[in-house]
Amino acid sequence: MPEAETAAAAWGVLPAALLVTGVALGLGWLVAAVDRVVLSGGGGAAVLEPVRSSVRLLTEQRRTTLAPDRLLWRSGIAAVPVLAVLSMAVVPIGGRTLWSSSADLVWFNAMEALLWAAVWLVGWGPNAIHALTGGYRFLAQGLAYELPLMFSLITVGVGAGSLRTADILSAQAGLWFVVSMPVAFVVFLASAAAFAFWGPFGAPTGADIAGGVTSELSGVDRLLVEAGRVIFLGATAAMAVALFLGGGSGPWLPGPVWQLLKTVAVVVALVWAGRRLPVLRPDRVVEVAWTVLIPVTLVQALVVAVLLLSGFYAV
């Protein structure tokens with residue numbers, strides 16, 4: 001397949017990087033705003049609440065704990081939003097990505113794996129029992145959901161015959177992958193929500209452990225971690241649109257408009273489901289991943305492989 005043109009090559013590295021960062025921040029605001037609307041049922045005031053909360057946290061004094069590992073703690077806090085933004089590097093924006101290689105899906109998965117390590121450091125660093133308990137919950141959750149997420153990405157790569165997002169978009173010209181890969185689509189979103197400890201996967205920040213991994217965060221530290229969570233969910237929604245929903249393909253409207261509408265729809269679905277479903281016990285979350293999601297994603301990959309051999313996909 002032809003080499004995909006990147007935004008960095010077309011517009012320059014700095015403008016492309018600023019664009020991707022701006023889109024990532026916009027997606028983070030979208031997730032936070034939709035979340036406030038779902039929670040309160042409000043309108044304009046709820047939409048502006050993420051901005052007010054950010055300003056409030058910026059002016060709030062940082063708390064500290066007794067004998068924390070400051071280096072690891074601060075490193076983990078700073079890494080969460082950085083990795084969330086970096087995951088956007090291979091998400092197509094206007095048909096181009098900031099950076100592209102022969103393994104874009106591996107890059108996206110790697111950012112999630114590093115995010116897992118960063119959140120663990122956020123729980124380990126403050127030397128506090130509730131934060132550490134939340135960190136261990138997240139560690140178990142991440143271990144369980146990394147394989148289903150990886151298998152869902154592999155399924156997309158098999159169907160497209162490529163790990164490059166531009167090629168995956170091209171492969172959906174006739175039929176969106178969500179039609180032939182519905183299980184991979186659902187597992188991708190669920191696994192990403194688990195990595196963002198969102199909705200039913202919120203045990204790492206559970207009320208029973210006083211907020212868990214985020215219990216000792218305040219001020220700018222809390223702002224960075226919360227921003228990383230919502231940016232990652234927004235990046236996941238945008239990536240899901242590219243991998244399963246045909247990106248900007250659609251009738252009548254321009255491609256970027258379709259891409260935005262689809263991304264907003266996925267964000268709303270993620271946030272609504274996250275606020276409507278109860279938080280699951282950590283052991284149940286892990287059990288579902290190992291005994292249900294891994295087998296069904298393997299079956300889904302097998303079905304896609306058979307369809308590929310039968311000529312269903314135009315690779």
Side-chain angles (χ1 to χ4, degrees), residues 1-11 16 19-20 23-24 27 87-109 111 149-192 234-270 297 299-315:
M1 292 185 178
E3 189 72 23
E5 184 183 17
T6 64
W11 305 323
L19 172 64
V20 170
V23 171
L27 287 171
S87 68
M88 284 290 300
V90 294
V91 176
I93 301 173
R96 296 186 177 98
T97 58
L98 172 63
W99 176 82
S100 183
S101 72
S102 59
D104 292 349
L105 298 187
V106 175
W107 172 273
F108 189 83
N109 194 40
M111 293 305 102
L149 178 64
M150 184 176 66
F151 287 145
S152 66
L153 291 173
I154 289 172
T155 302
V156 172
V158 170
S162 173
L163 299 178
R164 186 182 290 116
T165 50
D167 296 339
I168 293 168
L169 285 175
S170 299
Q172 297 177 76
L175 186 69
W176 296 353
F177 279 170
V178 69
V179 177
S180 58
M181 307 176 191
V183 173
F185 175 64
V186 173
V187 171
F188 175 79
L189 293 178
S191 298
T236 296
M239 193 61 154
V241 169
L243 299 184
F244 298 98
L245 301 178
S249 64
W252 306 308
L253 299 176
V257 176
W258 271 117
Q259 187 175 11
L260 176 61
L261 291 175
K262 293 175 186 178
T263 301
V264 171
V266 175
V267 165
V268 171
L270 275 173
T297 50
V299 172
Q300 173 74 99
L302 177 61
V303 169
V304 170
V306 171
L307 291 175
L308 178 67
L309 293 175
S310 66
F312 182 82
Y313 299 105
V315 177

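Note that the structure is predicted; figures quoted are calculated from it, not measured.
- D104 has its side chain out of reach of D167: every pair of non-hydrogen atoms, C-beta onward, lies at least 4.5 Å apart.
- Taking both residues in full, the closest heavy atoms of V267 and A237 are given as CG2-CB, 3.6 Å, listed atom of the first, atom of the second, then distance.
- Panel note: side chain Q300, backbone S180; a donor-acceptor pair is recorded below 3.5 Å.
- Between A240 and L189, the closest heavy-atom pair is CB-CD2, 3.8 Å.
- Of all the heavy atoms in A238 and L27, the pair that sits closest is CB-CD1, 4.1 Å.
- In this structure, the side chains of V90 and M111 stay at 4.5 Å or more apart for every pair of heavy atoms.
- A heavy-atom distance below 4.5 Å is found between the side chains of T236 and F188.
- Closest approach of Q172 to G246, counting heavy atoms only: OE1-N, 3.0 Å.
- Here F185 pairs with F244 under the ring pair (Phe, Tyr, Trp, His ring centres under 6.0 Å) rule; sequence neighbours left out.
- Considering only residues two or more places apart in sequence or on other chains, W176 meets the side chain to side chain donor-acceptor pair (under 3.5 Å) condition with S249.
- The side-chain heavy atoms of T155 and T297, taken from C-beta on, include no pair separated by under 4.5 Å.
- A search for side chain to side chain contact (heavy atoms under 4.5 Å, CB included) contacts involving V264 returns L30, L260, V268, not counting sequence neighbours.
- At a threshold of 4.5 Å between non-hydrogen side-chain atoms, the residues V266 and L245 count as touching.
- A distance of 12.0 Å separates CE of M239 from OG1 of T263, quoted to the nearest 0.5 Å.
- Annotation for A89 and W107: closest pair CB-NE1, 3.9 Å, computed over non-hydrogen atoms.
- When side chains are defined from C-beta on, L261 counts as touching L253, because their heavy atoms get closer than 4.5 Å.
- Using a 4.5 Å heavy-atom threshold, the side chains of F177 and I168 count as touching.
- Here the shortest heavy-atom pairing between S152 and A184 reads CB-O, 3.5 Å.
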